[in-house]
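Below: the structure, in structure tokens.
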2 protein chains.
Amino acid sequence: MDTRENRCRILDAAARVYALLGFRGATTRRIAEAAGVNEVTLFRTFGSKEALIAEALRARATSQSAPLALPADPQDPERELTAWAAAHLAELRASRALIRQAMSDMGERPEVAPCVASGWSAADAELRRYLVRLVECGFVDAPRPVTGPTLARYDDVFAGGAMLMAALFSDAMGRDMMPEMFPQPADRAPVLYVSLFLRAVRCRPSREEAPAARTGDGGPRPRARRRAS
Amino acid sequence: MDTRENRCRILDAAARVYALLGFRGATTRRIAEAAGVNEVTLFRTFGSKEALIAEALRARATSQSAPLALPADPQDPERELTAWAAAHLAELRASRALIRQAMSDMGERPEVAPCVASGWSAADAELRRYLVRLVECGFVDAPRPVTGPTLARYDDVFAGGAMLMAALFSDAMGRDMMPEMFPQPADRAPVLYVSLFLRAVRCRPSREEAPAARTGDGGPRPRARRRAS
DNA sequence: CGGGAGTGCAAGTAAGCACTTGCATGGAAA
DNA sequence: TTTCCATGCAAGTGCTTACTTGCACTCCCG
């Protein structure tokens with residue numbers, strides 16, 4: 001029996017029991033049972049229940065797999081984003097109980113939240129990078145501001161992205177609580193949210209209309225071509 | 001000291017302590033202290049801690065104030081929805097801790113969720129009614145389906161409404177957990193979410209432009225006239 | 001082979017927790 | 001005035017909980 005493997009098993013069990021029953025409900029007896037070890041081993045290995053759960057959640061954040069990557073070169077935003085959104089939603093659903101516990105623990109244990117939300121944060125960053133690419137490939141109009149910070153250019157499309165993330169989060173967290181508020185079938189939700197998002201940011205549907213943006217910084221010239229064709 | 005008033009005070013205290021510390025953390029000692037009564041009074045009045053908290057949450061659902069009403073006759077959807085969204089968001093924020101506890105308790109105590117989400121549900125219904133009015137007043141296009149249920153006409157605008165609700169929910173629940181995911185200032189959030197929503201559903205901005213829709217599909221408006229004469 | 005590390009088992013400790021019981025007090029109603 | 005009801009106080013009960021301690025066993029390494 002490898003000690004490191006045992007240690008990992010305890011950490012995993014702690015995170016699981018915490019997700020199910022919260023901090024107080026995650027008794028050391030329950031954790032030990034879930035890990036298949038003797039209760040005293042928890043204390044020998046981690047010192048205290050508090051330390052064990054804290055480390056379990058940190059370990060989880062560290063081992064969290066990176067979010068599905070979005071293409072470096074956008075070709076079909078709707079298809080790409082739908083697949084991505086579906087993957088992100090699945091991840092949120094898989095982590096739902098844990099996220100919920102962390103949220104309820106915000107008052108007493110605020111340090112838990114970052115551990116639990118790291119995947120969420122990474123997905124948000126990935127989406128933002130993709131949205132920048134959408135703008136720069138001409139799928140989405142985002143005129144450069146005459147004054148102000150350069151990134152203000154993306155404020156609008158970022159806000160739309162935030163709304164898409166919000167919809168996915170809300171669907172994952174709220175659907176079983178309030179089923180009537182999510183009438184669309186669960187497996188159709190990403191399609192719908194992405195569709196609405198693309199409309200909100202006025203995204204062009206395909207690359208055929210996007211190449212015109214390469215000729216320059218965008219503006220009147222690409223539009224003129226679109227009228228011609 | 002009025003007995004009924006005492007009873008209400010205990011119920012209120014129970015809901016508050018539950019919101020702060022969850023079911024297990026809401027010890028009868030803490031509830032009694034928060035209510036300013038003796039611990040034994042809780043048992044004399046409610047029989048058990050479980051019954052007390054259940055009743056406290058039911059009482060809260062019953063006493064929940066109705067959501068801000070949206071106008072029966074839409075005039076300026078952006079303004080109207082923004083005010084409404086701001087009110088709803090404020091309500092969600094005020095109830096945040098309680099909602100979070102209820103969510104984390106979904107596994108062990110699923111009956112808690114409906115008590116906590118009743119305000120949310122009412123707001124959702126109110127928004128849907130308003131969206132129907134937007135469609136029927138010509139602010140939003142929603143062609144009647146040739147076949148299928150009549151309500152399928154509103155699926156798209158309802159989906160957008162769901163996304164708006166999701167954004168508000170997510171903002172209320174997630175902003176303090178993940179501040180970098182909500183870069184827009186908190187007080188600007190409703191404006192932004194509503195703006196995006198209106199774009200997603202292609203809502204006309206004002207009543208002046210609504211009559212132009214008549215020349216479009218020539219659907220509901222001409223019929224309305226015939227009925228009038 | 002001996003020693004050390006890791007672990008299980010069992011018993012135990014001190015505190016916490018939901019809840020009970022007995023007595024006393026105050027206020028309201030008959 | 002008496003009685004009843006609601007409530008407080010204090011002590012208590014039995015169980016749970018995080019954690020400790022002592023002993024024993026197994027495995028691995030030098």
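Order of the sequence lines sets the chain letters (A, B, ...), proteins ahead of strands, with each chain counted from 1.
- With contacts defined as side-chain heavy-atom distances shorter than 4.5 Å, the pair V201(B)/F139(B) does not qualify.
- Checking dG6(C), dA18(C), dG8(C) against the side-chain heavy atoms of F43(B) singles out dA18(C) as nearest.
- OP1 or OP2 of dT7(C) has at least one side-chain nitrogen or oxygen of N6(A) nearer than 4.0 Å.
- Phosphate proximity of dT17(D) to T28(A): absent, as no side-chain N or O sits under 4.0 Å from OP1 or OP2.
- Remark: C1' of dG6(C) and CD of E5(A) are 14 Å apart, rounded to the nearest angstrom.
- Remark: D176(B) engages R100(B) in a salt bridge, criterion side-chain N to carboxylate O under 4.0 Å.
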N/O donor-acceptor pairs under 3.5 Å from side chains in residues 190-200 of chain A, not counting sequence neighbours:
from    : atom 1 : to      : atom 2 : distance (Å)
Y193(A) : OH     : D171(A) : OD2    : 2.8
Y193(A) : OH     : Q184(A) : NE2    : 2.9
R199(A) : NE     : A200(B) : O      : 2.7
R199(A) : NH1    : D156(B) : OD2    : 3.4
R199(A) : NH2    : D156(B) : OD2    : 2.8
R199(A) : NH2    : A200(B) : O      : 2.5

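- One can place CD of E50(B) at 14 Å from C1' of dC19(C), the figure rounded to the nearest angstrom.
- The CD1-P distance, from I53(A) to dA18(D), rounds to 9 Å in whole Å.
- Between the CD atom of E39(B) and the P atom of dC9(D) there is a distance of 12 Å, rounded to whole Å.
- Listed nucleotides dA18(D), dC19(C), dG8(C) differ in distance to K49(A); the shortest reach to its side chain belongs to dA18(D).
- With the nearest nucleotide of DNA chain C identified for both R44(A) and R29(B), R44(A) has the one nearer the 5' end.
- E55(A) and R7(A) are joined by a salt bridge, as a carboxylate oxygen and a charged side-chain nitrogen come within less than 4.0 angstrom of each other.
- Rounded to a whole Å, the CZ atom of R24(B) is 8 Å from the P atom of dT17(D).
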Pair assignment for DNA chain C - dot-bracket with | for other-strand partners, Watson-Crick or G-U under 3.5 Å
||||||||||||||||||||||||||||||
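- Side chain to side chain, R60(A) and S95(A) meet the donor-acceptor criterion of an N or O pair below 3.5 Å.
- Remark: P of dA18(D) and CZ of F23(A) are 8 Å apart, rounded to the nearest angstrom.
- In this structure, the CG atom of L21(A) is 16 Å from the P atom of dT16(D), given to the nearest Å.
- Side-chain proximity of V40(B) to dT21(C), dC19(C), dC17(C): nearest is dT21(C).
- One finds a salt bridge joining R109(A) and E50(A) here, because a Lys/Arg side-chain nitrogen approaches an Asp/Glu carboxylate oxygen to under 4.0 Å.
- T28(B) pairs in a side-chain hydrogen bond (donor to acceptor under 3.5 Å, both in side chains) with only one of the listed residues (E39(B), K49(B), E33(B)), which is E39(B).
- Following rounding to the nearest Å, E33(A) (CD) and dA18(D) (P) show an atom-to-atom distance of 13 Å.
- Residue N38(A) places no side-chain N or O under 4.0 Å from the OP1 or OP2 atom of dT7(C).
- Both T41(B) and S48(A) lie close to DNA chain D; mapped to their nearest nucleotides by heavy-atom distance, the more 5′-ward contact belongs to T41(B).
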